[in-house]
There are 2 protein chains.
Amino acid sequence: MRADARKNYDHLLEIGRDVVAEQGADASMRDVARRAGVGIGTLYRHFPTREALLEALLRGSFDRVTAGAAELAARHDSGAALLAWLRDMVALTHSHRGVIAAMTSAIAAPESALHASCVALRASGAQLLARAQADGKARADIDGTDLLALVSALAWLNDQPPFAERVDRLLDVVARAIMV
Amino acid sequence: MRADARKNYDHLLEIGRDVVAEQGADASMRDVARRAGVGIGTLYRHFPTREALLEALLRGSFDRVTAGAAELAARHDSGAALLAWLRDMVALTHSHRGVIAAMTSAIAAPESALHASCVALRASGAQLLARAQADGKARADIDGTDLLALVSALAWLNDQPPFAERVDRLLDVVARAIMV
DNA sequence: ACCTGAACACCGTTCAAGT
DNA sequence: ACCTGAACACCGTTCAAGT
């Protein structure tokens with residue numbers, strides 16, 4: 001990558017982070033380019049789809065949660081680890097309004113730039129779930145996708161102003177439903 | 001209302017129903033007017049906001065669920081009635097993609113055309129919840145807004161293709177969490 | 001190799017002009 | 001009283017022309 005291109009890429013990412021934080025995952029692409037002081041074509045050259053930009057913005061957080069799952073498994077008993085992962089997931093999406101919808105549709109779209117990260121997240125949760133199930137601490141009739149669905153639903157509530165303040169409590173309610 | 005206006009109103013409602021069924025709650029207003037063979041200004045005259053159109057489209061279904069709650073209370077024990085109401089709510093939103101997000105923001109916006117219907121829906125659920133709580137069949141530490149949050153979250157899952165097929169089962173999981 | 005911005009095909013919403 | 005559609009201020013996305 002040429003030096004000027006690298007500079008544009010990095011700057012777009014930085015500005016993109018601000019704009020998505022302000023406006024959510026459906027932020028105006030034009031606005032990102034404008035604020036970055038760059039032609040709209042330059043944005044599309046570096047990030048050919050909105051999901052490509054989101055993926056670049058979120059990769060770090062995604063990886064942190066995925067990697068954190070292994071750590072949780074090492075440090076806590078299977079029930080506590082699963083609960084902590086659920087909290088991590090809700091927190092991850094809390095800081096990025098609207099991202100959960102993008103993640104959800106990425107799960108069903110193998111060509112999406114977000115697909116791999118989402119599958120990895122699901123796998124990290126599925127592993128904690130399996131361990132809890134083996135210990136008899138989680139109900140046996142749900143799978144990793146069910147777990148992702150439930151945590152996505154809670155994350156969505158977190159994006160809805162009238163419900164956001166209740167999500168911590170509702171997470172406990174749902175967790176107890178999973179925990180047998 | 002003048003006869004020609006009445007005709008336009010009814011026709012817009014009919015076409016609006018089709019378009020929202022096809023494209024969801026964020027359907028193109030322009031498209032509704034276009035397909036109804038009417039100027040865009042005429043659509044805005046009859047339905048000054050998108051929510052006004054949605055409200056007119058959904059009022060009937062809303063009232064049916066609200067009224068149905070009283071019937072459920074009369075016909076079933078408190079636990080079964082609450083569960084049936086949860087199913088009614090998910091079914092209501094299932095037939096109208098994206099409507100749940102509109103309902104959710106309407107709860108927090110008293111000036112929204114959808115506000116009254118949503119408050120009535122919440123109240124109908126809250127009543128069934130209170131009855132079940134009095135019978136010791138539902139946990140005492142949740143309220144009507146929590147119930148609406150949980151059912152909204154499930155309804156949102158119903159709009160997400162990768163999760164939609166699991167919602168019936170996940171409803172049971174969540175219901176068991178509520179039911180003590 | 002990369003950047004630019006005009007161009008295209010759309011939006012939601014308003015409002016002056018018409019009947 | 002009601003209808004119309006041009007007008008305004010936006011989008012996302014593409015691509016020919018430039019450096």
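Predicted model only: the values in this text are computed from it and were never measured.
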Colleague: Decide, yes or no, whether a salt bridge links B:Asp77 with B:Arg131 under the criterion of side-chain N to carboxylate O below 4.0 Å.
Modeller: no
Colleague: Regarding B:Ala3, tell me which of base, sugar-phosphate or nothing describes its non-hydrogen contacts under 4.0 Å with the strands shown.
Modeller: nothing
Colleague: Applying salt bridge (charged side-chain N to carboxylate O under 4.0 Å, His left out), run through A:Arg122 and A:Asp143 and close with a yes or a no.
Modeller: CA-CA 10 Å; A:Arg122 179 179 58 186; A:Asp143 63 16; over 6 Å; no
Colleague: B:Met1 CE to D:dA1 C1': how many Å, rounded?
Modeller: 12 Å
Colleague: Rounding to an integer number of Å, can you tell me how far A:Lys7 NZ sits from C:dA1 P?
Modeller: 21 Å
Colleague: Select base, sugar-phosphate, or nothing to describe what A:Ala27 touches, counting heavy atoms under 4.0 Å on all strands.
Modeller: sugar-phosphate
Colleague: Under 4.0 Å between a side-chain N or O of A:Ser28 and OP1 or OP2 of D:dG12?
Modeller: yes
Colleague: Whether A:Arg34 and A:Asp31 form a salt bridge (side-chain N of Lys/Arg under 4.0 Å from carboxylate O of Asp/Glu) is what I want to check.
Modeller: yes
Colleague: Whole-Å distance between D:dC10 C1' and A:Met29 CE?
Modeller: 15 Å
Colleague: Defining pairs by Watson-Crick or G-U wobble geometry with both distances under 3.5 Å, how would you list the stems of DNA chain D with at least three pairs each?
Modeller: C:4-8 with D:12-16, C:12-16 with D:4-8
Colleague: Is the shortest side-chain N to carboxylate O distance from B:Arg59 to B:Asp63 below 4.0 Å?
Modeller: no
Colleague: Over how many whole Å does the gap from B:Ile40 atom CD1 to D:dC2 atom C1' extend?
Modeller: 16 Å
Colleague: Hey, is the side chain of A:Arg2 poking within less than 4.0 Å of OP1 or OP2 on C:dA1, counting only N and O atoms?
Modeller: no
Colleague: Does a side-chain N or O from B:His46 land closer than 4.0 Å to OP1 or OP2 of D:dC3, or not?
Modeller: yes
Colleague: From CZ of A:Arg45 over to C1' of D:dG18, roughly how many Å is that when rounded to an integer?
Modeller: 13 Å
Colleague: Please answer whether the main-chain N or O of A:Gly98 pairs with a side-chain N or O of A:Asp159 as donor and acceptor at a distance below 3.5 Å.
Modeller: yes
Colleague: Is any side-chain nitrogen or oxygen of B:Arg34 closer than 4.0 Å to OP1 or OP2 of C:dC11?
Modeller: yes
Colleague: So, B:Gln160 side chain and A:Ala101 main chain: donor-acceptor pair closer than 3.5 Å or not?
Modeller: no
Colleague: Given D:dC10, is OP1 or OP2 found less than 4.0 Å from the side-chain N or O atoms of A:Arg30?
Modeller: no
Colleague: What is the distance, to the nearest angstrom, from the NE2 atom on B:His11 to the P atom on D:dC3?
Modeller: 13 Å
Colleague: Given C:dC3, is OP1 or OP2 found less than 4.0 Å from the side-chain N or O atoms of A:Asn8?
Modeller: yes
Colleague: Whole Å only: how far is the OH atom of A:Tyr44 from the P atom of C:dG5?
Modeller: 16 Å
Colleague: For A:Asp26 and A:Arg50, work out which heavy atoms get closest and say how close.
Modeller: C-NH2, 3.1 Å
Colleague: Could you state the CG-C1' distance from A:Leu43 to C:dA6, rounded to the nearest angstrom?
Modeller: 17 Å
